[in-house]
Amino acid sequence: MAFPAVAVYSFLYLYPAIQNLLYATERWDGVTKPEQVGFHNFAHLATDDDLFMKIVGNNIRFTLIVVIFQTAFSLLFATFLLKNTKTTILLRVIYFFPTILSSVSVGLIWTFLYNPNFGFINASFKAIGLDGLALNWLGDTRYSLYAIAVTQVWFHTGQMVIIYVAGLQQIPADLYEAAEVDGASRWQQFKSITWPMALPTTAVVVAYTTIQSFRAFDLVYSMTQGGPLNSSDLIVTSIYNTAFASFKYGYASAQSVVLILVVLFVTWLQRRTLRIDYGVK
Amino acid sequence: MLYKVFKNSLLTLFAMAVIVPSSIVVLGSFKKDNEIYSDPLALPKSWSFNNFRTLITEGNVFTPFKNSVIVSVFSVAITLLFASLAAYGIARMVTITGRLLFLLFSLGLAIPGQVNIIPIYHLFVKLHLTNSLLGLILVNIALTLPISIFILTSFFKDIPKEMYEVAGIDGAGHFRIYRSIALPLSRPALGATGIFLFVICWNDLLYPLMLITQLDKKTLPLTLIDFRGEFATSYSMLFTAIMVASVPMIAMYIFMQRSFIAGLTAGAVKG
Amino acid sequence: MTTKGMKSLSARRLGAVATIAFALVATSITTGFAADPSFGKACTTEGVSTGTSSTSLICSVNSAGKLTWTNVRLGQSTGSPVAALKASPGTIEFHHFRPEDKAVFASIIAKFEAANPGTHVNQVIMSSNDYTNLGYAKISVNPKAAVFVTVRGGQFDQFYNGGMMRDISSDRFVRQNVIQSALTPATVGGKIYGVPYQSLFNDPLYNTEMFAAHKWTVPTNWTQLLSFCKTVKAAGIIPFAWPAATRGNAGQIMNSFLMNSAPDVATLTSRIQAIDTGKADLTSDWFTAIANKYKAMNDAGCFPANVTGYNDTVAPADFANGKAAIYPTGTFGMSTVTNLNPAMKGKMKLMSMITVDEKPLYQGITNNTFILSVNKKATSRDQNIARAFISFLTTAAAAQEYAVGTSQHVSIINVNYSANIDLLNTSDIMGKKLLLAPRFLFNNVGTVRNPLEDALIAIGGGADVTKTLADTSKTIKQSLGA
């Protein structure tokens, strides 16, 4: 029964992934014949490419911020919006709304909001007297990455809220009723009922957000193109530029192999620290 | 009391964070540029459809919209079919094969599909699948299979064993159980996954950006990127372009939001 | 009209070191010429010309030392212009990076299609940033892209090396409709692989009305430039609307910094090539001096606040709406400005941006670019449509419609600029000593020029010069070694 899935997946996912490993051992500009260079690309990445190290660092910071805030916000909002009333449904509809926009639209809108000269965000800060917070969001190496992370959280929190609501609604209501009778506070209820019962959902949310953050491309591409000075460059934008703008296909493939390793490591770390069971029960 | 204040202000704040930028876009599409710069949230001095007229006469929006619909609908439908079959297989096969299969697809969950962009690009050049909607659909299916299988497998596992076994005793084959028990029971899960996938396919930029150059094969995100170049100096036109590109999706969302969200949540409770 | 033999084109990239590629040579005439009515009454600015046709006029100094109208002498093509080729029915794509020109091209294409029933040309337009980075990867896999455009230098080389360009040397329209000296950037080993359609001037535009109202004069050396910035800023106006957040346009200003940075053009070329190939560091005295000037401009208040977030959307708008005095990009930015504010028509001129105090070597920048080529990987039928389309674009009528409609000078002969006041107002730059834009001597755009320009942008935005140059230099070297 799994045959069609396995076939497509093998041909267009696993096979390219293996191909990637082969490319990663070559020096190739896409025009002339590829040249075998063994582990040179990896050696160069590891020892002689400060920029790529910086980009990996960027991506890890980006992922941490997005995973923490997106998961926390969506869990919080989901607990607020758990009951099906007119208001909660309306709010869920509103929160989910950004998800249906294309990422290019979101990038364009937020580029406008962040504009240091006439953007809405700085105008609002100035209007309430917080001139000090009117920063050069996308144009300053110190803020660009975080500015994009905020956009990413804005973009996808609604989606995670829906997943959490679905998960939390499966928790039997009598658990909370019993806790209430016992006089448990909201925090105690959250700690002893919601959190453990929602763990499987959290597993999905965290795993999904992690992958989403490591494959982030669209927002960076449409907001800063990685700049200024690569301060908002992420691994996929780097792969993309190395391959298609600098024509180093082999070197870019080596970067994708590193991306895989980083993602595997981070997922493993998450499993350990959160003790989330991804596997079959 | 304090909790209520906290809760309500937080909920309002995030709602505003969504509503305000959206209003800026909607209002901006009716305005002139300097009106947007001076006060983005003010109502337009006069409601004019000039921007829309310019956009529709200058840019062809219909073709990319059609392409996006074709790519998204086919990608989602085929992925759901393939993924549910595989997930059912995995969920029901307690043997080593099932575990291996799950592991295989989990690998895909851990490898972001974006890393395959270089080999896929060269493979598709060889197969003449660049500038082809079929190519995009194939890529989408491959990219979204792991996550779909992951979601659906856990769902199929949650269906009580007895329900499968009852059918099994009746002598029904796997396909029959899949069709008459697993599928109907998992309609909410399929719906949820479908929406998930639809959003991914609809928004994807990276692969179309690399694989599509031909004008008549462009999808909406690509067209928006073009608009960004074309109207680089005009936010009123950019906002109009965003409106035109999003309105069909928004309409669909408003129209189907009950089945979108209510189905998702209520279904999950029942499931 | 006299004709001139073709230059030897065997020396590749000769044009890179040539000074004025687009030279309009003026000869005095005895008969009195009435100035073109749309041109203004008197000839007041040296170098202003009305076009490239045999009846065009140029304002030049006569033997008595007075400015007079003289006749433009053409010496640029090898014969009389020829009519456009006929195209067979079919549909091709025309890929370029000038969204601003879409409407004008659409109108020219409509005429081409009317003259060739059943033939269709679809424009596919990328932003110039995207085109720089992705043009090759995308067009090389699209045989429908029968006509495509490249910029002089690295991008032309890339397409040429990829075997994408058809040799069009033997096409008569190439020899007879195009100013021959302009063909150099598209010539390899004596063979011509494209028509550089535009004759650009990558020099800052300034608002003449504003300058007159404030009694400002164009600074003529570096010290004046910095004090000019202080004066303008004190008046509450942005001196230079530098679109630093959009690399493609922010990089234009580098041309002006480079043009007088070396004792001669050969030295400049070799220094640029040394950086381009990783033999030299950005921390060299020469490049550090350039970077320091970006910093000095920022310190003098030449740029708007938060300039690194100041993009292509804001900069021309500020210039068009009288919030900025100078828009430092080039003639190709004029149509954007007049689209944003039609009242700017006739109020823009080009300035020589002199960044040294000693006598400058060059007074401005020019560029023969927007090279139209036929895709060798297209079907032969599509290639013929492509040739016909390019030949159509090189007819005087189409080129004039393009020039007048987009406010850009062209390298096609017999074009009359007098219907576009902005083209007239900026033509005086042709009378100055111009350098072919050195920015396009960098061939490694992705690995070298992009990070280098990013560094200059950051420095122009206040980043530390030494650290930024050292870091970027390291990145470039590591990246070249990968």
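Just so we're clear, the structure is a prediction, and the values are computed from it rather than from any experiment. The sequence lines fix the lettering, A, B, ..., with proteins before strands; numbering per chain opens at 1.
- For chain B, no part of A/Thr201 is nearby; none of its heavy atoms comes within less than 4.5 Å.
- At a heavy-atom separation below 4.5 angstrom, chain B is approached by A/Ser102, A/Ser103, A/Val104, A/Ser105, A/Leu108, A/Ile109 within residues 102-109 of chain A.
- Residue contact with chain B, scored on non-hydrogen atoms closer than 4.5 Å, involves the side chain of A/Leu113 exclusively.
- Only the side chain of B/Ile147 comes within contact range of chain A, judged by heavy atoms closer than 4.5 Å.
- For B/Leu209, the part lying under 4.5 angstrom from a heavy atom of chain A is the side chain only.
- Contacts of B/Leu127 with chain A are made by side-chain atoms alone, with heavy-atom separations under 4.5 Å and no backbone atom involved.
- Relative ring orientation between A/Phe112 and A/Phe118 is described as tilted, the plane-to-plane angle lying within the 30° to 60° band.
- Heavy-atom distances place no part of A/Trp187 under 4.5 Å from chain B, backbone and side chain included.
- In this structure, B/Arg92 fails the cation-pi test against B/Phe156, since its NZ or CZ atom is not both closer than 6.0 Å to the six-membered ring centre and inside 45 degrees of the ring normal.
- Of the atoms belonging to B/Leu104, heavy atoms from both backbone and side chain fall under 4.5 Å from chain A.
- Contacts between A/Phe155 and chain B at a heavy-atom distance below 4.5 Å involve the side chain alone, from C-beta outward.
- Residues satisfying the ring-ring contact (aromatic ring centres under 6.0 Å, His included) criterion with A/Tyr9, sequence neighbours excluded, are A/Tyr13, B/Phe105.
- Only the side chain of A/Leu14 comes within less than 4.5 Å of a heavy atom of chain B; its backbone N, CA, C and O stay farther away.
- Of the two parts of A/Val6, the backbone and the side chain both hold a non-hydrogen atom closer than 4.5 Å to a non-hydrogen atom of chain B.
- Within residues 21-29 of chain B, the residues having any heavy atom less than 4.5 Å from a heavy atom of chain A are, in residue-number order, B/Pro21, B/Ser22, B/Ile24, B/Val25.
- Within residues 241-250 of chain A, the residues having any heavy atom under 4.5 Å from a heavy atom of chain B are, by residue number, A/Ala243, A/Phe244, A/Tyr249.
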